[in-house]
Amino acid sequence: MSLQALIFDVDGTLADTERDGHRPAFNAAFDEAALGWHWDVDLYADLLAVTGGKERIRHYAALYDPDFLAQPDADEVIRSLHVAKTRHYLAIVASGRIPLRPGVTELIAEAREAKLRLAIATTTTPENVAALLRASLAPDAVDWFDVIGAGDVVPNKKPAPDIYFWVLAHLGLPAQRCLAIEDSANGLRAAAAAGLPTLVTRNAYTQGDDFSGALAVLPDLKDTSLSALKLIHQIKTS
Ligand code: XBP
Ligand code: MG
């Protein structure tokens with residue numbers, strides 16, 4: 001079947017946002033709240049097993065600070081912590097410190113040239129997506145994507161397929177006409193469960209993940225042409 005759309009994951013795929021973006025933003029919010037929490041690079045690797053910033057905070061507290069969850073307004077405190085974290089993350093992204101990964105800009109340009117449709121399926125917030133696209137791709141890059149599925153728009157985050165079903169429904173395309181590009185086992189499982197052929201570009205945090213079922217696993221998109229993606233997509237869906 002002919003390829004009609006690319007569906008990009010964001011964190012870890014479009015850009016390496018986790019170690020030097022989301023992680024310090026979480027820590028800045030924890031410092032502001034004087035929680036005494038600090039997520040170092042190694043601990044964050046473990047915490048990434050849980051997608052969604054609010055869900056990750058709750059997961060951490062359950063493991064390391066159960067009294068925090070015992071407070072009556074724990075949900076509200078988590079929500080406000082996440083609002084503060086997002087404010088810090090947006091400042092980091094706006095500073096231009098988070099470049100896109102190798103080959104991403106070139107592949108998106110090729111896809112636009114070939115009139116492929118572009119979409120995003122991510123666990124992070126829509127505002128984080130827009131900020132990254134504006135700062136690291138182009139001021140009007142949000143408009144290049146027909147569909148942006150992000151964050152709490154669905155009830156269940158990756159590895160649940162919800163966000164990919166949501167994006168496919170808004171694209172109006174069958175899964176087999178699309179190619180998902182992901183970086184993690186959670187992302188691959190979400191895309192595969194939605195029936196999407198999926199290419200993985202691993203990164204430092206996800207290189208040990210189980211990528212069974214991926215169409216291919218690459219170190220990045222450098223020197224990855226659209227024609228090569230169309231070929232492996234054709235092989236998989238014919
Ligand atoms: C990765 C995630 C996100 C980020 C943090 O999203 O799981 O939760 O780690 O962002 P994806 P938020 O790989 O699906 O792009 O704090 O905004 O959730
Ligand atoms: Mg990701």
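We count ligands from 1, going down the list as the structure has it; atoms in each ligand are counted the same way. Computation of the quantities below employed the complete heavy-atom set of this structure, encompassing side-chain atoms and omitting hydrogens, waters and symmetry-equivalent molecules.
Using modelled atom types, one finds a donor on one side chain and an acceptor on the other under 3.5 Å when comparing T125 with N128. Under the 3.5 Å distance criterion, with hydrogens and angles disregarded, a donor-acceptor pair is assigned to the side chains of S2 and R177. Neither side chain, R23 nor Y89, offers a donor N or O lying under 3.5 Å from an acceptor on the other. A side-chain donor from one of Y164 and E182 sits under 3.5 Å from a side-chain acceptor of the other. No side-chain N or O of N186 forms a donor-acceptor pair with one of S184 less than 3.5 Å apart.
A distance limit of 4.0 angstrom between heavy atoms and ligand 1 selects the residues D9, V10, D11, E18, H22, F26, Y44, T51, G52, G53, R56, H82, K85, T122, T123, T124, T125, N128, K158.
Closer than 2.8 Å to the Mg ion (ligand 2) sit the protein N, O or S atoms D9 OD2, D11 O, D183 OD1.
When the salt bridge (charged side-chain N to carboxylate O under 4.0 Å, His left out) test is applied to R87, the partners found at least two apart in sequence or on another chain are E32. Residues passing the side chain to side chain donor-acceptor pair (under 3.5 Å) test with S238, sequence neighbours excluded: none.
Here Y64 and W37 keep their ring centres 6.0 angstrom or further from each other.
For E110 against S225, the heavy-atom pair with the smallest separation is OE1-CA, 3.5 Å.
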